[in-house]
Protein chains: 2
Amino acid sequence: MSFRDWQSVQEEVLRRIHAREWRQGELIPTEAELAQEFGCARTTVNRALRALAEAGLLDRKRKAGTRVAAAPVAKATLDIAIIRQEVAARGAKYGYQLIDRSMMRAPAAVRGAMQVTANCKTLHVQALHMANATPYALEDRWIDCEVVPQALVEPFDTISANEWLLQHVPYTHGDIAISAKAADADEAAHLCCPEQAALLAIDRLTWDGTRAVTKVRLLFRPEHELRTEL
Amino acid sequence: MSFRDWQSVQEEVLRRIHAREWRQGELIPTEAELAQEFGCARTTVNRALRALAEAGLLDRKRKAGTRVAAAPVAKATLDIAIIRQEVAARGAKYGYQLIDRSMMRAPAAVRGAMQVTANCKTLHVQALHMANATPYALEDRWIDCEVVPQALVEPFDTISANEWLLQHVPYTHGDIAISAKAADADEAAHLCCPEQAALLAIDRLTWDGTRAVTKVRLLFRPEHELRTEL
DNA sequence: AATGTTTTTATGTGCATACATAATAATTTG
DNA sequence: CAAATTATTATGTATGCACATAAAAACATT
């Protein structure tokens with residue numbers, strides 16, 4: 001049996017893990033040994049094992065060797081796209097509707113999360129994303145205008161802040177939180193759902209270096225699901 | 001300026017993307033060109049660019065070249081661990097309590113998802129995971145006993161099905177769906193929260209090849225958040 | 001026995017080279 | 001001129017080799 005490319009090495013290793021040939025927490029053979037067994041270069045084995053380690057199925061430590069992850073912390077990857085694309089991917093017609101756009105002092109909770117002072121100029125944008133003319137997601141966003149002065153002259157009436165920011169403003173990293181929230185009267189009205197309905201909420205805080213660029217909450221209709229595989 | 005290792009090449013490429021030196025959808029120099037500029041081997045550049053492509057920031061196609069992803073589909077990775085570990089990681093004391101364990105014909109919706117017939121022997125397990133003696137998550141699980149006969153003799157009174165399955169039953173892949181659900185009377189009672197409260201629900205369907213192993217729904221307390229970065 | 005030092009070893013990475021592969025561009029052919 | 005063919009090219013990957021690095025194990029020292 002020979003496994004010449006890293007994909008087939010990976011598959012074989014995966015098979016042994018799933019078949020419990022190599023047990024939880026157990027040390028597996030070294031790269032050199034596997035390379036010999038599989039009849040390929042150590043580099044090839046390394047590539048395969050590295051990929052599996054990234055996926056969380058193996059734990060690797062120098063000198064200590066490679067072992068099957070005791071608790072396979074499943075890494076479920078969520079693809080978070082621009083909402084317009086998300087809607088299009090579902091085969092629905094995308095619609096956008098601006099609800100409100102105004103300079104406003106952000107509430108304390110938002111200021112705290114964004115780490116800005118009380119008198120920081122912030123722009124508040126609220127908008128509705130639609131799929132086939134029915135509400136899809138409600139966007140509630142705060143933008144730090146000191147960081148993104150261009151936002152001041154952007155009306156956000158035809159292009160969503162979601163999309164505009166991603167295309168025009170650089171960022172270094174972001175935090176995401178997913179939670180459930182009961183719809184209040186306002187949200188229920190916009191999303192055309194009963195009050196108190198359970199909505200999926202995605203909060204995103206985007207940073208450029210040490211400065212918060214924008215904070216957004218997306219509220220989805222009650223049936224909405226985030227799907228992924230592992 | 002020389003960038004000798006793949007991490008610094010990656011950083012530099014990232015910097016140019018964020019700084020908009022290379023624009024959205026724009027072609028970036030070829031691996032060979034970058035290798036020359038950075039004074040390193042093409043392999044090194046390849047490693048850096050490949051990692052960025054996996055992260056969704058670059059689109060690469062043979063011959064066509066590498067371009068900055070037009071819509072950086074953010075890949076948010078959720079770490080889905082065993083609940084006991086999740087609780088422990090929050091610095092809380094883990095508790096477990098079996099609510100119900102019985103052979104039961106699964107409802108049609110469950111049978112449909114698991115693709116089993118109406119007379120398939122299924123085990124139903126319901127349990128509560130606790131953090132510091134307060135409810136943390138409600139687990140509602142169906143196990144196909146034809147696929148996992150060992151489950152028949154497992155009481156699940158001290159070790160959760162969540163944990164037992166992960167450690168004893170092989171699987172090949174799984175589907176995950178995240179949604180929001182309003183608590184019904186039963187769920188509210190178990191989780192000590194008001195009826196109709198918005199709960200975060202994680203549904204997982206685990207497969208071994210073409211056969212469903214188990215289907216589980218985890219319901220979390222209203223305040224619960226899934227966090228990740230990008 | 002407790003502590004510090006050296007050796008060993010498995011993984012991590014870089015490099016030059018070679019060839020594979022897919023997609024495009026150029027060319028030939030009907 | 002359109003269609004089929006061939007060349008070109010950027011990425012994808014395999015290989016042997018070298019050396020770096022972290023961590024364990026062995027050893028020496030007090």
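Just so we're on the same page: letters track the sequence lines, and every chain starts at 1. A quick note: this is a predicted structure, and the numbers were derived from the prediction, not measured.
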ask   = So, B:His129 and B:Tyr94: side-chain donor and acceptor under 3.5 Å apart, yes or no?
value = yes
task = With sequence neighbours excluded, tell me which residues meet ring-ring contact (aromatic ring centres under 6.0 Å, His included) with A:Tyr136.
result = A:Phe220, A:His224
Bounds of contact between DNA chain C and chain B, in 5' to 3' order, using a heavy-atom cut-off under 4.0 Å = C:dT13 to C:dT24
request  = Would you mind classifying the nucleic acid contact of A:Thr43 as base, sugar-phosphate or nothing, using non-hydrogen atoms under 4.0 angstrom?
outcome  = base
query = Do B:Trp164 and B:Phe156 have ring centres separated by under 6.0 Å?
reply = yes
query = Name the one of B:Ile176, B:Ile178, B:Ile202, B:Leu226 that satisfies side chain to side chain contact (heavy atoms under 4.5 Å, CB included) with A:Leu226?
reply = B:Ile178
message = For a quick check of understanding: with a heavy-atom distance under 4.0 Å over all strands, which category does B:Glu33 fall into, base, sugar-phosphate or nothing?
response = nothing
task = For A:Arg42, report the nucleic acid contact type (base, sugar-phosphate, nothing); a contact means any heavy atom under 4.0 Å.
result = base
request  = Describe the nucleic acid contact of A:Asn46 in one word from base, sugar-phosphate, nothing, applying a heavy-atom distance below 4.0 Å.
outcome  = base
Most 5' of A:Ala41 and B:Pro29 on DNA chain D, judged by nearest nucleotide = B:Pro29
B:Glu229 and A:His173 side chains, donor-acceptor separation under 3.5 Å = no
query = Between which nucleotides of DNA chain D, read 5' to 3', does contact with chain A run, using atoms under 4.0 Å from its heavy atoms?
reply = D:dT13 to D:dA24
